[in-house]
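Okay, so here's the structure we're looking at.
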Amino acid sequence: MIAVRIKVYGLVQGVGFRYCTKILADRLKIAGIVRNEADGSVYIEAQGPAIVIQEFIAKVKLSPSPSGRVEKTEVSLIEPNRNYQKFRVTY
């Protein structure tokens, strides 16, 4: 099990990006959170098996939302959060 923090920049707010990210995470059985940030980016914490997290990151970089456009991502490893049982959209 690994956990990552992903900061996503581009056209990622107001295009269903968070909800499409949740659908993707649920399909991959990943736990974590996704939320909009005040600077216009989207913040994600995701945890699961390493191979699944790699697939998740690759798909986030392509934009899970058909209307979104990812210009840049920052990915870093973090400690897994035992409180994450599922993937949630937070505010």
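Just the heavy atoms: all of them, side chains too, but no hydrogens, waters or symmetry mates, feed the values below.
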| task | Show your reasoning for whether side-chain contact (heavy atoms from CB on, under 4.5 Å) applies to Ile44 and Val60. | result | CA-CA 10 Å; Ile44 302 168; Val60 165; 4.0 Å; yes
From [atom1] ([X]) to [atom2] ([Y]), nearest 0.5 Å:
X	Y	atom1	atom2	value
Arg35	Ser41	CZ	OG	9.0 Å
Ile33	Tyr84	CD1	OH	3.5 Å
Tyr91	Asn36	OH	CG	9.0 Å
Lys59	Thr21	NZ	OG1	12.5 Å
Glu45	Glu79	CD	CD	11.5 Å
Ile23	Arg27	CD1	CZ	10.0 Å

| said: Please enumerate all residues that pass side chain to side chain donor-acceptor pair (under 3.5 Å) together with Arg5, with sequence neighbours excluded. | reply: Tyr43
| said: For Arg88, give me all partners under side chain to side chain donor-acceptor pair (under 3.5 Å), at least two apart in sequence or on another chain. | reply: none
| request: Would you mind listing every salt bridge (charged side-chain N to carboxylate O under 4.0 Å, His left out) that reaches into residues 14-25, with sequence neighbours excluded? | output: Lys22-Asp26
| For the side chain of Ser65 and the backbone of Val15, is there at least one donor-acceptor N/O pair under 3.5 Å apart? | yes
| task | Give a yes or no answer on whether the side chain of Gln13 reaches the backbone of Gly10 with a donor-acceptor pair at less than 3.5 Å. | result | no
Under 4.5 Å between side-chain heavy atoms, hopping through other hydrophobics if needed: is there a path connecting [X] to [Y]?
X	Y	answer
Val4	Val89	yes
Ile57	Ile78	no
Ile6	Leu77	yes

| task | Might you work through the side-chain contact (heavy atoms from CB on, under 4.5 Å) test for Leu28 and Phe87, ending with a clear yes or no? | result | CA-CA 10 Å; Leu28 295 174; Phe87 199 88; over 6 Å; no
| Any idea which heavy atoms bring Lys7 and Glu37 closest together, and the distance? | NZ-OE1, 3.7 Å
| task | Could you check if a side-chain atom of Pro66 sits within less than 4.5 angstrom of a side-chain atom of Cys20, using non-hydrogen atoms only? | result | yes
| Yes or no on side-chain contact (heavy atoms from CB on, under 4.5 Å) for Thr73 and Tyr9, after CA distance, side-chain angles and deciding distance? | CA-CA 6 Å; Thr73 57; Tyr9 301 89; over 6 Å; no
| query | In terms of heavy-atom contacts, does CD1 of Ile51 have more than 12 from other residues, nucleotides or ligands at under 6.0 Å? | reply | no
| said: As a quick check of understanding, evaluate side-chain contact (heavy atoms from CB on, under 4.5 Å) for Val70 and Val12, giving each step before the final call. | reply: CA-CA 7 Å; Val70 174; Val12 293; 4.3 Å; yes
